[in-house]
Student: 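Pasting a structure below so you can have a look.
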2 protein chains.
Amino acid sequence: MDVPFATVERIAKYLRCLKRIKNKKIKLVSSQTLAEHTKVTAEQVRKDLAYFGKFGRTGTGYDTEKLAKKLEKILNPKLNWNVCIIGAGALGHALTNYPDFKKAGFNITVLFDSDPKKIGNKIGTAKIYDVKKFSPITEKKKIEIAIVATPENAKEEIEQIITKSKIKGIINFTPATLNIKSKRKIPIIDVDLSQKMYILSFLITKGKRRQ
Amino acid sequence: MDVPFATVERIAKYLRCLKRIKNKKIKLVSSQTLAEHTKVTAEQVRKDLAYFGKFGRTGTGYDTEKLAKKLEKILNPKLNWNVCIIGAGALGHALTNYPDFKKAGFNITVLFDSDPKKIGNKIGTAKIYDVKKFSPITEKKKIEIAIVATPENAKEEIEQIITKSKIKGIINFTPATLNIKSKRKIPIIDVDLSQKMYILSFLITKGKRRQ
DNA sequence: CTTTGTGAAAATGTTCACAGCC
DNA sequence: GGCTGTGAACATTTTCACAAAG
């Protein structure tokens, strides 16, 4: 059975919500509660969960902690990833220090940049390397995820170095669509911040609420 | 006719792509070309555009510059927004300096924080104010969009100050779902970076490519 | 001959409604 | 009474296929 992409997105939302609820020492949660906290319908929550199994008890709801663990296992079975950031600019800096990544099991190990002034510097415990050494360093440090936080015009260079590397997945903060011509299927998640602004602008002027 | 949200998202992508193509002095573009650059189908491009009008010429394609202008008008008819950022941490800093926002007509005018050490400082031309002064300052400076870049635990406080304010739209970098209890419909765009990592992790381990 | 714009068909995603269980 | 899990109904979105236009 093929899981809809929207379901995966929502499962990640539920997980977040469960973690928050767990901290408040609430043992049980219903699909209704979960739905209210994530702005979807209760049926949707149950349908989404049904793609992966039966996690609840009729008449009772879901055990907050158990469900959180199951969802974490579904979304991140590996539990720990080494991650690099390409582009040690302001955004790269901010992402390196982003506390939630480590909490979720994504460790920013190294950064890459082409600016000789930056190469060799450290951001926290993460060192900045020359982007020319991308493949050897990512392979040596067993880095499987790359976050692209460079200016848009670096597109072609980024595509080349990633294609040649063993990177397994990409988060792309560049507005450009990356084309990685590899036999392996490399998933790419685009996070285009200007796009979000445009969408918001559209929703405001058209009087819509939907995100 | 109701425009699907996915269509709005893609229109923003097409706009980006058109701007890139325009810089390369390419006068005409077909739905096929646009589709290849944005990883959708040509029919999808045409259907999406059809929600807003007829922009092409049969047998010829679309005038790159004209189409870009039309799409910009659709997505951002106002052309200029004053934007504030709540939370002057690393992410707030990076977003303030994010060059693409200004290019797209979104001007980060002020920031807000609760840390007395930060209040009064400047990031570029943007000054950091006490978050307690949110309403008077946003009203005085005619700020209509707020970017929330605070830690998750500020949720309730943020909800309160925005509810009381005249803010018209929100970009939320917090993993929490914000509930603004206002009669006006305030669109909220969530950008949950950990969620993106989880989704990527899922796609890598399940061998999917779809973003 | 190329490419748009668009009804119709197919596929996908969401909500309804309720049986079954606590 | 309260809540999950799920087939069936419904709604939406995407793809197909082609007429019309340059």
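Sequence lines set the chain letters: A, B, ... in the order given, protein chains first and strands last, and positions in each chain run from 1. Side chains are part of it too, since the values below use all heavy atoms of this structure and drop only hydrogens, waters and symmetry mates.
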Student: I'd like to check the side-chain contact (heavy atoms from CB on, under 4.5 Å) partners of B/Glu157; sequence neighbours left out, ordered by chain and number.
Tutor: B/Val131

Student: Please write out each protein N/O paired with an N/O of nucleotides 16-22 of chain D under 3.5 Å, distance rounded to 0.1 Å.
Tutor:
| unit_1 | atom_1 | unit_2 | atom_2 | d |
| --- | --- | --- | --- | --- |
| D/dG22 | O4' | B/Thr58 | O | 3.4 |

Student: Only counting residues at least two apart or in another chain, list the ones meeting side chain to side chain donor-acceptor pair (under 3.5 Å) with B/Thr64.
Tutor: none

Student: So which protein N/O to nucleotides 9-11 of chain C N/O distances come out below 3.5 Å?
Tutor:
none

Student: Does a sphere of radius 6.0 Å around NZ in B/Lys78 hold more than 12 heavy atoms from other residues, nucleotides or ligands, not counting ones at 6.0 Å or beyond?
Tutor: yes

Student: Relative to the 5' end of DNA chain C, which residue comes earlier, A/Asp48 or B/Gly61, by the nucleotide with the nearest heavy atom?
Tutor: B/Gly61

Student: Kindly write out the residues that satisfy side chain to side chain donor-acceptor pair (under 3.5 Å) with B/Lys155, not counting sequence neighbours, or none if the list is empty.
Tutor: B/Glu159

Student: Give me the residues of residues 26-34 of chain B where at least one heavy atom lies under 4.0 Å from an atom of DNA chain C, by number, or none.
Tutor: B/Ser30, B/Ser31

Student: Defining pairs by Watson-Crick or G-U wobble geometry with both distances under 3.5 Å, how would you list the stems of DNA chain D with at least three pairs each?
Tutor: C:1-22 with D:1-22

Student: Just how far, in rounded Å, is P of D/dT4 from CG of A/Asp63?
Tutor: 13 Å

Student: Applying side chain to side chain donor-acceptor pair (under 3.5 Å), name anything that partners A/Glu156, two or more places apart in sequence or on another chain.
Tutor: none

Student: Name the atoms and distances for all side-chain donor-acceptor pairs under 3.5 Å in residues 91-98 of chain B, with sequence neighbours left out.
Tutor:
| unit_1 | atom_1 | unit_2 | atom_2 | d |
| --- | --- | --- | --- | --- |
| B/His93 | ND1 | B/Gly89 | O | 3.3 |
| B/Thr96 | OG1 | B/Gly92 | O | 2.6 |
| B/Asn97 | ND2 | B/His93 | O | 3.4 |

Student: Is any side-chain nitrogen or oxygen of B/Tyr62 closer than 4.0 Å to OP1 or OP2 of C/dG5?
Tutor: yes

Student: Rounded to whole Å, how long is the line connecting atom CD of B/Gln44 with atom P of C/dG5?
Tutor: 15 Å

Student: Tell me every residue that passes side chain to side chain donor-acceptor pair (under 3.5 Å) with B/Thr109, counting only those two or more places apart in sequence or in another chain.
Tutor: none

Student: I'd like to check the side-chain contact (heavy atoms from CB on, under 4.5 Å) partners of B/Ala88; sequence neighbours left out, ordered by chain and number.
Tutor: B/Leu111, B/Asp113, B/Lys118, B/Ile128

Student: Out of A/Arg16, A/Lys19, A/Lys103, which residue meets the salt bridge (charged side-chain N to carboxylate O under 4.0 Å, His left out) rule with A/Glu72?
Tutor: A/Lys19

Student: Mind checking what makes salt bridge (Lys or Arg N to Asp or Glu O under 4.0 Å) contact with B/Lys168, not counting sequence neighbours?
Tutor: B/Glu144

